[in-house]
Enquirer: 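Take this structure first; my questions come after.
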Amino acid sequence: WVIMVTAQTPTNIAVIKYWGKRDETLILPINDSISVTLDPSHLCTTTTVAVSPTFQQDRMWLNGKEIALSGGRFQSCLREIRKRACDVEDKKKGIKITKEDWGKLHLHIASYNNFPTAAGLASSAAGFACLAYALGKLMNVKEDESQLSVIARQGSGSACRSLFGGFVKWIMGKEEDGSDSLAVQLADEKHWDDLVIIIAVVSSRQKETSSTSGMRESVETSLLLHHRAKEIVPKRILQMEEAIKNRDFASFSRLTCTDSNQFHAVCLDTCPPIFYMNDTSHRIISIIEKWHRSEESPQVAYTFDAGPNAVLIARNRQTAALLIQRLLYYFPPTLGDLDSYIIGDKSIA
Ligand code: DP6
């Protein structure tokens, strides 16, 4: 016999960034962060997990290609899920798996991204969230999404925020064992559904410095990072929560853009400096900032993760249409400054 479970999880984009860990193994951050989860039809991972007594070892395929499972992060997630596994019984098929059996049975896992993994767009966030969720269902884990987020977090920090739709906060927590470092939903996907997210893919090449090693270097060398985590982010988190609650786009946009710029300032303050944005990214910022100055209130927010691609959040569909017009004007496809656009609504099922 074989039992299978399939789950689908979208990626999320941080509007108040996570950058820096206080514990590298458990993946515990030095500040809270807030993100928005995308619609699953655009950037998401679909994962099928299967168990059978005939499987000889744990195996995993990513986009159809088998990958090694030696990574500590993957093993941590698996170990944590197995600890919480419960009995599973399918009377029709005459299958019974006890809590203890889960420690001996092997798993086959197949994961697909509906976007290029190498596109510099967060794939580990959706990937580990989907893995934790699918394994939790397979092994009849009784815990809720916040508890599952504790497991996803140990795969990749930002993954913990993809267990919920809408707006999500990752609370950094205080405990040494990481049990209170988890994600909570601030507002569901219906709360602010006018927003439209457009990703301008500046480069589809894989980034040179991974988030993991980049943030390690920043923690070790950037004074600005520590000032940010202690003095700036706590206040900014409260302001962002307020902006989201009131659907206050002007504040939301100001906080999102400022936080992205500060994160990249921290990267520059790292020794040696890390450059994630390039000239095209900077031009996009200038275009949006100029637009901000020409209107009474901002129409679009920008944010950049550990790569040059711009995530643009338009206040509604009309603004999104204007934004695309402007992007096409400044970056005509013939010049090849941008590799592609990915357009999607915020929010998930
Ligand atoms: C810039 O979650 O990819 O996207 O925890 O080491 O796997 P690890 O890092 P990761 O870092 C994401 C950094 C970021 C900001 C964010 O998503 O909050």
Side-chain angles (χ1 to χ4, degrees), residues 9-38 43 45 71-77 113 117-132 149-164 167-173 178 181-183 186 197 199 206-220 222 225 228-229 233 236-237 240 255-268 270 274-277 281 302-311 313:
T9 312
T11 196
N12 70 78
I13 305 290
V15 288
I16 303 290
K17 307 288 186 199
Y18 143 57
W19 196 250
K21 298 180 183 73
R22 63 178 199 279
D23 183 315
E24 290 242 356
T25 318
L26 288 171
I27 311 197
L28 300 177
I30 58 168
N31 60 259
D32 293 348
S33 54
I34 293 181
S35 61
V36 53
T37 301
L38 301 192
L43 298 177
T45 300
R73 289 172 167 212
F74 177 83
Q75 298 299 347
S76 302
C77 287
N113 291 327
T117 306
L121 299 164
S123 57
S124 63
F128 278 107
C130 203
L131 183 74
S149 80
V150 171
I151 300 173
R153 189 202 75 223
Q154 296 175 55
S156 180
S158 51
C160 73
R161 298 184 308 235
S162 269
L163 264 313
F164 295 97
F167 291 92
V168 185
K169 172 159 121 175
W170 174 11
I171 302 170
M172 62 181 280
S181 184
L182 44 78
L186 293 177
I197 295 184
I199 300 178
Q206 211 149 12
K207 55 197 174 204
E208 276 165 33
T209 312
S210 72
S211 307
T212 309
S213 63
M215 68 177 85
R216 183 184 306 131
E217 286 160 25
S218 295
V219 168
E220 283 165 8
S222 168
L225 174 86
R228 162 183 162 74
V233 176
R236 212 171 256 174
I237 288 275
M240 183 56 98
L255 292 164
T256 300
C257 301
T258 312
D259 199 70
S260 169
N261 291 333
Q262 186 173 66
F263 153 52
H264 289 278
V266 164
C267 292
L268 283 183
T270 300
I274 308 166
F275 307 103
Y276 283 125
M277 293 195 283
S281 320
Y302 58 81
T303 185
F304 295 74
D305 278 339
N309 301 324
V311 177
I313 308 174

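In each ligand, atom 1 is the first atom listed, and ligand 1 is the first ligand listed.
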Enquirer: Does Val233 form a side chain to side chain contact (heavy atoms under 4.5 Å, CB included) with Trp19? I'd like the steps, not just the answer.
Expert: CA-CA 11 Å; Val233 176; Trp19 196 250; over 6 Å; no
Enquirer: Provide the number and element of each atom of ligand 1 under 4.0 Å from a heavy atom of Ala14.
Expert: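 Contacts of ligand 1 toward Ala14, numbered from 1: 16 (C), 17 (O), 18 (O).
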Enquirer: So is Trp170 close enough to ligand 1, meaning a heavy atom under 4.0 angstrom away?
Expert: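 So Trp170 does not count as touching ligand 1.
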Enquirer: Does the side chain of Thr270 come under 3.5 Å of the side chain of Ser218 through a donor N or O and an acceptor N or O?
Expert: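 A pair is found: one side chain offers a donor N or O, the other an acceptor, under 3.5 Å apart.
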Enquirer: I would like to know whether Leu28 and Met172 meet side chain to side chain contact (heavy atoms under 4.5 Å, CB included); could you show each step before the answer?
Expert: CA-CA 7 Å; Leu28 300 177; Met172 62 181 280; over 6 Å; no
Enquirer: For ligand 1, which atoms, with element, lie under 4.0 Å from some heavy atom of Met215?
Expert: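 Heavy-atom distances to Met215 below 4.0 Å select 9 (O), 11 (O).
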Enquirer: Any atoms of ligand 1 less than 4.0 Å from a non-hydrogen atom of Ile27? List them with their elements.
Expert: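 Those atoms are 5 (O).
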Enquirer: If I compare all heavy atoms of Tyr302 with all of Asn261, which pair ends up nearest, and what's the gap?
Expert: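 It is OH-ND2, 2.9 Å.
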Enquirer: With heavy-atom distances below 4.0 Å as the criterion, list the atoms of ligand 1 near Lys21.
Expert: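 Atoms satisfying the 4.0 Å criterion: 5 (O), 6 (O), 8 (P).
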Enquirer: Under 3.5 Å between any N/O of Asn12 and any N/O of ligand 1: does that happen in this structure?
Expert: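 No: no nitrogen or oxygen of Asn12 is under 3.5 Å from one in ligand 1.
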Enquirer: Charged N to carboxylate O below 4.0 Å: is that the case for Asp259 and Arg228?
Expert: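 The answer is yes: the pair qualifies as a salt bridge.
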Enquirer: What atoms of ligand 1 come closer than 4.0 angstrom to any heavy atom of Phe263?
Expert: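 The atoms of ligand 1 under 4.0 Å from a heavy atom of Phe263 are 1 (C).
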Enquirer: Tell me whether ligand 1 is touched by Arg161 - counting only heavy atoms on the residue side and a distance under 4.0 Å.
Expert: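 Yes, that is the case, since the closest heavy atom of the residue is under 4.0 Å from the ligand.
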Enquirer: Please could you name the atoms of ligand 1 that Ser211 approaches to less than 4.0 Å, counting only its heavy atoms?
Expert: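 Checking each atom against Ser211, I get 3 (O), 9 (O), 10 (P), 11 (O).
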Enquirer: Mind checking what makes side chain to side chain contact (heavy atoms under 4.5 Å, CB included) contact with Gln75, not counting sequence neighbours?
Expert: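 Applying side chain to side chain contact (heavy atoms under 4.5 Å, CB included) to Gln75 gives Leu69, Leu78.
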Enquirer: So which bit of Arg73 gets within less than 4.0 Å of ligand 1, heavy atoms only: side chain, backbone, both or neither?
Expert: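 It is the side chain that touches ligand 1; the backbone stays farther off.
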Enquirer: May I ask you to check if ligand 1 and Tyr18 share an N or O to N or O distance below 3.5 Å?
Expert: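 Yes; at least one N/O pair falls below 3.5 Å.
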Enquirer: In sequence, state the C-alpha distance, the side-chain angles, and the governing distance for Lys21 and Thr212, and then conclude on side chain to side chain contact (heavy atoms under 4.5 Å, CB included).
Expert: CA-CA 9 Å; Lys21 298 180 183 73; Thr212 309; 4.0 Å; yes
Enquirer: Please answer whether the main-chain N or O of Gly307 pairs with a side-chain N or O of Asp305 as donor and acceptor at a distance below 3.5 Å.
Expert: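 No, Asp305 side chain to Gly307 backbone: no donor-acceptor pair under 3.5 Å.
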Enquirer: So, is Gly157 polar-close to ligand 1, with some N/O to N/O distance under 3.5 Å?
Expert: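 Min N/O separation from ligand 1 is below 3.5 Å for Gly157.
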Enquirer: Would you check whether Ser156 has a nitrogen or oxygen atom less than 3.5 angstrom from a nitrogen or oxygen atom of ligand 1?
Expert: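 Among all N and O atoms of Ser156, at least one is under 3.5 Å from an N or O of ligand 1.
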Enquirer: Can you list everything that forms a side chain to side chain contact (heavy atoms under 4.5 Å, CB included) with Ser156? Sequence neighbours excluded, please.
Expert: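 Residues passing side chain to side chain contact (heavy atoms under 4.5 Å, CB included) with Ser156: Arg73, Ser124, Phe128, Ser158, Ala159.
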